[in-house]
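These notes are about the structure you will find just below.
A note on names: the letters A, B, ... follow the listed sequences, proteins ahead of strands, and every chain is numbered from 1. Everything numeric here is computed off the predicted structure, so don't read it as measured data.
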Amino acid sequence: MAMPEKIGAKRLVVGAHYGVGDFMIQRITAIILAVYTLILLVGILMMPGFTYEAWVGLFTFSLGGFPMGQVLGTLAFLSLSWHAWIGVRDIWMDYVKPVGIRLALQVLTILWLVGSFIYFAVIIWGA
Amino acid sequence: MSDSATKPRPQYRNISVGQILKYRLPLAGRLSILHRVSGALLFLLLPVLILPLFAMSMSPSGFQAFAVVAGFPIVKIIFLVLIWAYLHHFCAGIRYLVLDSHHGLDKYSAQKSAGVVFGVSLGLTFVFALKLFGAW
């Protein structure tokens, strides 16, 4: 790999604005996912039996008419998508050096995750 | 950069797969690699296995089919791999959050906590395996 080109006095052109921001996002989304995992685990342990109603209620319960299950699930899936994007993009940056292939993989990763998010939202909001 | 031109310095970049097999990594290093492997596995299987099965289980007729599919031994083994990947990623992730808060950063503590993560995640995977294959 050639030396990255210098722009100005200090800045190296090695990529986009990843850094502290992504580091924080990776950890915040991890905590959200960990909390949602524990909510699901408690819900599963409280399930009276493995029935259809109990299973659907686990993801679509409401609190005082508010669709709490759907909102929490959607927030968790949004966190998962963002978390996975940072992690998978780092994998491409570490192992795939040709820029064209890396760009293609990154675009596919975004489509893969956004498509999954839409699919999940359609399922859980009961289209 | 003028000093690097006079004296070329050694560069250490990512090691290759062939080198990984020869390297004797500390436990924390193995944990780290498996964190990435488990994360990649969860990412790949999310749209090809987890979401379709989830979609199926959310309709009354699909739920019955889901129960049948989940009963096949091969599906149970795939579930078990996913359960391991999730538990490993979860436990190792919590360890990283603790390390980020500047706790247990010395060599001895870091090795010990890596061992704890392996013990907890593999132990829980074993418990789930017993449940999955109907030990109770």
Between [X] and [Y], what is the shortest heavy-atom contact and its length?
{"X": "A:Tyr119", "Y": "B:Ala55", "answer": "OH-CB, 3.2 Å"}
{"X": "A:Tyr52", "Y": "B:Met58", "answer": "OH-O, 3.0 Å"}
{"X": "A:Trp112", "Y": "B:Leu44", "answer": "CZ2-O, 3.6 Å"}

Can you hop from [X] to [Y] via hydrophobic side chains spaced under 4.5 Å?
{"X": "A:Leu75", "Y": "A:Ile123", "result": "yes"}
{"X": "B:Met56", "Y": "B:Val68", "result": "yes"}
{"X": "B:Ile94", "Y": "A:Val42", "result": "no"}
{"X": "A:Phe59", "Y": "A:Met68", "result": "yes"}
{"X": "A:Val107", "Y": "A:Leu113", "result": "no"}

Which of parallel (below 30°), tilted (30 to 60°) and perpendicular (above 60°) describes A:Phe50 and B:Phe63? tilted
CZ of B:Phe66 to CH2 of A:Trp55: how many Å apart, nearest 0.5 Å? 5.0 Å
What distance separates B:Ile50 CD1 from A:Ser116 OG, expressed to the nearest 0.5 Å? 9.5 Å
Highest number of heavy-atom pairs under 4.5 Å with chain B among A:Leu33, A:Thr60, A:Val56, A:Leu80 belongs to A:Val56
For B:Phe133, I'd like to know if atom CZ has over 12 heavy atoms of other residues, nucleotides or ligands within 6.0 Å. yes
Residues, nucleotides or ligands: over 12 heavy atoms within 6.0 Å of B:Phe79 CZ: yes
Quick check on A:Phe77 against chain B: is it the side chain, the backbone, both or neither that has a heavy atom closer than 4.5 Å? side chain
Is A:Ala84 in contact with chain B via its backbone, its side chain, both, or neither, using a 4.5 Å heavy-atom distance? side chain
Show, in sequence, the C-alpha distance, side-chain angles and deciding distance for B:Phe43 and A:Ile91, and conclude whether the side chain to side chain contact (heavy atoms under 4.5 Å, CB included) test is met. CA-CA 12 Å; B:Phe43 164 73; A:Ile91 293 179; over 6 Å; no
Contact part of B:Leu51 toward chain A, heavy-atom cut-off under 4.5 Å: side chain, backbone, both or neither? both
Looking at chain A, which one of B:Gly39, B:Ala40, B:Ser59 has the largest number of heavy-atom pairs inside 4.5 Å, strictly under? B:Ser59
